[in-house]
Engineer: 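Here it is: the structure, laid out below.
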Amino acid sequence: MAAAAATKAANIPATMRAVQYDAYGGGAAGLKHVEVPVPSAKKNELLLKLEAASINPVDWKIQKGMLRPFLPRKLPFIPVTDVAGVVVDVGPGVNGFQAGDQVVAMLNSFYGGGLAEYAVASENLTIKRPPEVSAAEGSGLPIAAATALQALRAIGAKFDGTGKPLNVLITAASGGVGLYAVQLAKLAGLHITATCGARNMELVRSLGADEALDYRTPEGASLQSPSGRKYDGVVHCTVGISWSTFEPQLATTGSVIDITPNFTAILKSAMQKVTFAKKRLVPLLLSPNKADLEFLVGLLKDGKLKTLIDSRFPLSEASKAWEKSIEGHATGKVIVEMED
């Protein structure tokens, strides 16, 4: 057994290509291509040979310093957490995986590591990827789809057929989180109003939106449902919309689930709690867990959920992928693939 482990380790190179930044700010120009040591799997960890990684807005917000002093834990930093690849080594205490397993994983936010040829993942945020799910599709799930799922659950959506037929609004419905939210809301049997740019209205309708609003029109800006419905819940996937715009469109006990809450939103939510307000702004911070990831991969496998991919870039062009995400107009996920 020791000989087999030694052979396996011998097949793993000593160094790897990676993309990192060593200071705050700089955007895509701040990314550097480097050759660094391949990390090793410690207790309850897996070493993955990465095939694909997906960029989320939080990745470049960390680079801008918006989550200081919490993230990044230290510089230089290899960004991105949402990955798919193949297990090449397992650390002590790992029982559910072996070399050769294809997986989807969310890496530790403190240490990142996704823009590289190899990365270390925790066993408890890694799940096996069935052959029906490609690496690119799987890598889109951990943050974006799980955020959509948890936001809908916060509104009261159920996925076992026992839920009420709620009215839901999804803002920025053609973005990374929004496209998953539309599909998941449809699976939960909700009536969906979605806002997006004019060019994506047909797309969001095709995925399950009952009504689509162009956010650049007066109707879209007011968030008013074309059929006059009040919203039981809002999955709020963008920024710059005030509570006073949401409030008149909400049902009596409606809530706005804010997936990118700022300090003002957190303060507003706290005040509403204190005053027992019926209409509520609810900040959502993703709580990553294995059960949600397994549920979402299962939906992908069964064809009930799709990862819509805006664009794919090789690791050598990671800065272009970074720029694409920062621009904010991607329809779906921006993917980096490790094979050039």
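The structure presented is a predicted model; accordingly, all values stated were derived computationally and were not measured.
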Engineer: side-chain contact (heavy atoms from CB on, under 4.5 Å), that's the test. Do Lys164 and Asp232 meet it? Break it down for me.
Structural biologist: CA-CA 11 Å; Lys164 297 175 184 170; Asp232 299 298; over 6 Å; no
Engineer: Quick one: does Glu137's side chain have a donor or acceptor within less than 3.5 Å of a partner on Thr307's backbone?
Structural biologist: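 Here the side-chain-to-backbone pair does not exist.
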Engineer: Would a single hydrophobic cluster contain both Ile309 and Leu184, if residues Ile, Leu, Val, Met, Phe, Trp and Tyr are joined by side-chain heavy-atom contacts under 4.5 Å?
Structural biologist: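 No, Leu184 does not connect to Ile309 through the hydrophobic network.
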Engineer: Please table the atom pairs, donor to acceptor, closer than 3.5 Å between any side-chain atom in residues 40-52 and protein atoms at least two apart or in another chain.
Structural biologist:
from: Glu45; atom 1: OE1; to: Lys42; atom 2: N; distance (Å): 2.8
from: Glu51; atom 1: OE1; to: Arg129; atom 2: NH2; distance (Å): 2.7

Engineer: Report the residues that fulfil side chain to side chain donor-acceptor pair (under 3.5 Å) with Asp82, sequence neighbours left out, ordered by chain and then residue number.
Structural biologist: Asn56
Engineer: Residues two or more places apart in sequence or in another chain: which of them pass side chain to side chain donor-acceptor pair (under 3.5 Å) with Ser227?
Structural biologist: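 With sequence neighbours excluded, Ser227 shows a side chain to side chain donor-acceptor pair (under 3.5 Å) to Glu211, Ser225, Arg229, given in chain and number order.
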Engineer: For the pair Lys268 and Asp258, find out whether any cationic side-chain nitrogen is under 4.0 Å from an anionic carboxylate oxygen.
Structural biologist: no
Engineer: For the residue pair Pro13 and Val38, what are the closest heavy atoms and their distance?
Structural biologist: O-CG2, 3.3 Å
Engineer: Show me the pairs that pass ring-ring contact (aromatic ring centres under 6.0 Å, His included) and involve residues 200-242, at least two apart or across chains.
Structural biologist: His236-Phe246
Engineer: Shortest non-hydrogen contact from Ala151 to Val235?
Structural biologist: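 Looking at all heavy atoms of both residues, the shortest contact is CB-CG1, 3.9 Å.
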Engineer: Ser325 side chain to Trp322 main-chain N or O, any donor-acceptor pair under 3.5 Å?
Structural biologist: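 Answer holds: no.
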Engineer: Say whether, by atom type as modelled, one donor and one acceptor occur between the side chain of Glu123 and the main chain of Gly96 under 3.5 angstrom.
Structural biologist: yes
Engineer: Flag yes if Val182 and Met201 sit in one hydrophobic cluster, no otherwise; membership is Ile, Leu, Val, Met, Phe, Trp, Tyr, and two members link when side-chain heavy atoms are under 4.5 Å apart.
Structural biologist: no
Engineer: Can you list the steps and then say if Thr193 with Asn167 is a side-chain contact (heavy atoms from CB on, under 4.5 Å)?
Structural biologist: CA-CA 8 Å; Thr193 304; Asn167 294 316; over 6 Å; no
Engineer: Measuring from atom NE2 of His33 to atom CG of Leu315, what distance do you get when rounded to the nearest 0.5 angstrom?
Structural biologist: 6.5 Å
Engineer: List the atom of Ala53, the atom of Gly114, and the distance in Å for their closest heavy-atom pair.
Structural biologist: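 Heavy atoms of Ala53 and Gly114 come nearest at CB-O, 3.6 Å.
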Engineer: Within this structure, what is the CD1-CD1 distance for the pair Ile170 and Ile257, rounded to the nearest 0.5 Å?
Structural biologist: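 Reported to 0.5 Å precision, the distance equals 12.0 Å.
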Engineer: Would you say that more than 12 heavy atoms from the other residues, nucleotides or ligands in this model lie under 6.0 Å from the NZ of Lys304, or not?
Structural biologist: no
Engineer: Do Met16 and Val36 come close enough that some side-chain heavy atom pair is under 4.5 Å?
Structural biologist: yes
Engineer: Nearest 0.5 Å, please: how far is CG in Leu213 from CD in Glu219?
Structural biologist: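 One gets 8.0 Å once the value is rounded to the nearest 0.5 Å.
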Engineer: Return yes if some donor-acceptor pair links the side-chain N/O of Gln272 with the main-chain N/O of Leu281 below 3.5 Å, else return no.
Structural biologist: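 Checking the backbone N and O of Leu281 against the side chain of Gln272, a donor-acceptor pair under 3.5 Å is found.
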Engineer: Would the distance check show the side chain of Lys278 and the main-chain N or O of Thr252 forming a donor-acceptor pair, the cut-off being under 3.5 Å?
Structural biologist: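 Side chain of Lys278 to backbone of Thr252: no pair is present.
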Engineer: Flag yes if Leu107 and Leu293 sit in one hydrophobic cluster, no otherwise; membership is Ile, Leu, Val, Met, Phe, Trp, Tyr, and two members link when side-chain heavy atoms are under 4.5 Å apart.
Structural biologist: no
Engineer: Are Val256 and Ile155 co-members of a hydrophobic cluster defined by side-chain heavy atoms under 4.5 Å apart?
Structural biologist: no
Engineer: Verify, without hydrogens or angle tests, whether Ser255 (side chain) and Gly233 (backbone) share a donor-acceptor contact under 3.5 angstrom.
Structural biologist: no
Engineer: Counting C-beta onward and ignoring hydrogens, is there a side-chain heavy-atom pair between Ile266 and Ser269 closer than 4.5 Å?
Structural biologist: no
Engineer: Ignoring hydrogens, what is the shortest heavy-atom contact between Ala119 and Pro39? Give both atom names and the distance.
Structural biologist: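 Here Ala119 and Pro39 meet closest at CA-CG, 4.3 Å.
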Engineer: Has Ser206 got a side-chain atom pairing as donor or acceptor with Leu203's backbone, closer than 3.5 angstrom?
Structural biologist: yes
Engineer: Closest approach of Gly140 and Ser54, non-hydrogen atoms and distance?
Structural biologist: CA-OG, 3.7 Å
Engineer: Enter the distance from Met66:CE to Thr260:OG1 here, rounded to the nearest 0.5 Å.
Structural biologist: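 It is 8.5 Å, given to the nearest 0.5 Å.
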Engineer: So how far is it from Ile241 CD1 to Leu223 CG, rounded to the nearest 0.5 Å?
Structural biologist: 5.0 Å
Engineer: Could you tell me whether the side chain of Thr126 and the main chain of Ser122 form a donor-acceptor pair under 3.5 Å?
Structural biologist: yes
Engineer: Does the Asn289 side chain pair with the main chain of Ser287, one donor and one acceptor, at a distance under 3.5 Å?
Structural biologist: yes
Engineer: Would you name the heavy atoms of Ala330 and Asp310 that are closest together and state the gap between them?
Structural biologist: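 Minimum heavy-atom separation between Ala330 and Asp310: CA-OD2, 3.4 Å.
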Engineer: Going through the checks in order, is the side-chain contact (heavy atoms from CB on, under 4.5 Å) test met by Leu190 and Leu152?
Structural biologist: CA-CA 10 Å; Leu190 311 187; Leu152 287 164; 4.0 Å; yes
Engineer: Taking Ala136's backbone N and O only, do any of them form a donor-acceptor pair with Glu337's side chain (distance below 3.5 Å, no angle check)?
Structural biologist: no
Engineer: Under a single-linkage definition using a 4.5 Å side-chain heavy-atom cutoff for Ile, Leu, Val, Met, Phe, Trp and Tyr, are Leu149 and Leu207 assigned to the same hydrophobic cluster?
Structural biologist: yes
Engineer: Under a 4.0 Å N-O cut-off, is there an ion pair linking Lys320 with Glu323?
Structural biologist: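 Salt bridge: no.
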Engineer: Test Val336 against Val80 for side-chain contact (heavy atoms from CB on, under 4.5 Å), laying out the working first.
Structural biologist: CA-CA 10 Å; Val336 175; Val80 178; over 6 Å; no
Engineer: Counting only heavy atoms from other residues, nucleotides and ligands, does the tally under 6.0 Å from NZ of Lys61 exceed 12?
Structural biologist: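 Yes, the 6.0 Å shell around NZ holds more than 12 heavy atoms from other groups.
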Engineer: Strictly by ring-ring contact (aromatic ring centres under 6.0 Å, His included), give each pair with a member in residues 87-132 just once, sequence neighbours left out.
Structural biologist: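 Passing the test, one end in residues 87-132: no pairs.
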Engineer: Inspect the surroundings of NZ in Lys32 and state if more than 12 heavy atoms from other residues, nucleotides or ligands are less than 6.0 Å away.
Structural biologist: no
Engineer: Output the distance between atom CD1 (Ile55) and atom OG1 (Thr81), rounded to the nearest 0.5 Å.
Structural biologist: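 Between Ile55 CD1 and Thr81 OG1, I get 11.0 Å after rounding to 0.5 Å.
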Engineer: Could I get the full list of ring-ring contact (aromatic ring centres under 6.0 Å, His included) partners for Phe295, not counting sequence neighbours?
Structural biologist: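 Result, ring-ring contact (aromatic ring centres under 6.0 Å, His included) vs Phe295: Phe159.
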Engineer: Could you tell me whether the side chain of Gln183 reaches within less than 4.5 Å of the side chain of Leu299, counting heavy atoms only?
Structural biologist: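 In short, these two side chains do not touch, never coming nearer than 4.5 Å.
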Engineer: Take a 6.0 Å sphere around NZ of Lys306 and say whether it holds more than 12 heavy atoms from other residues, nucleotides or ligands.
Structural biologist: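 Counting other residues, nucleotides and ligands, NZ of Lys306 stays at 12 neighbours or fewer.
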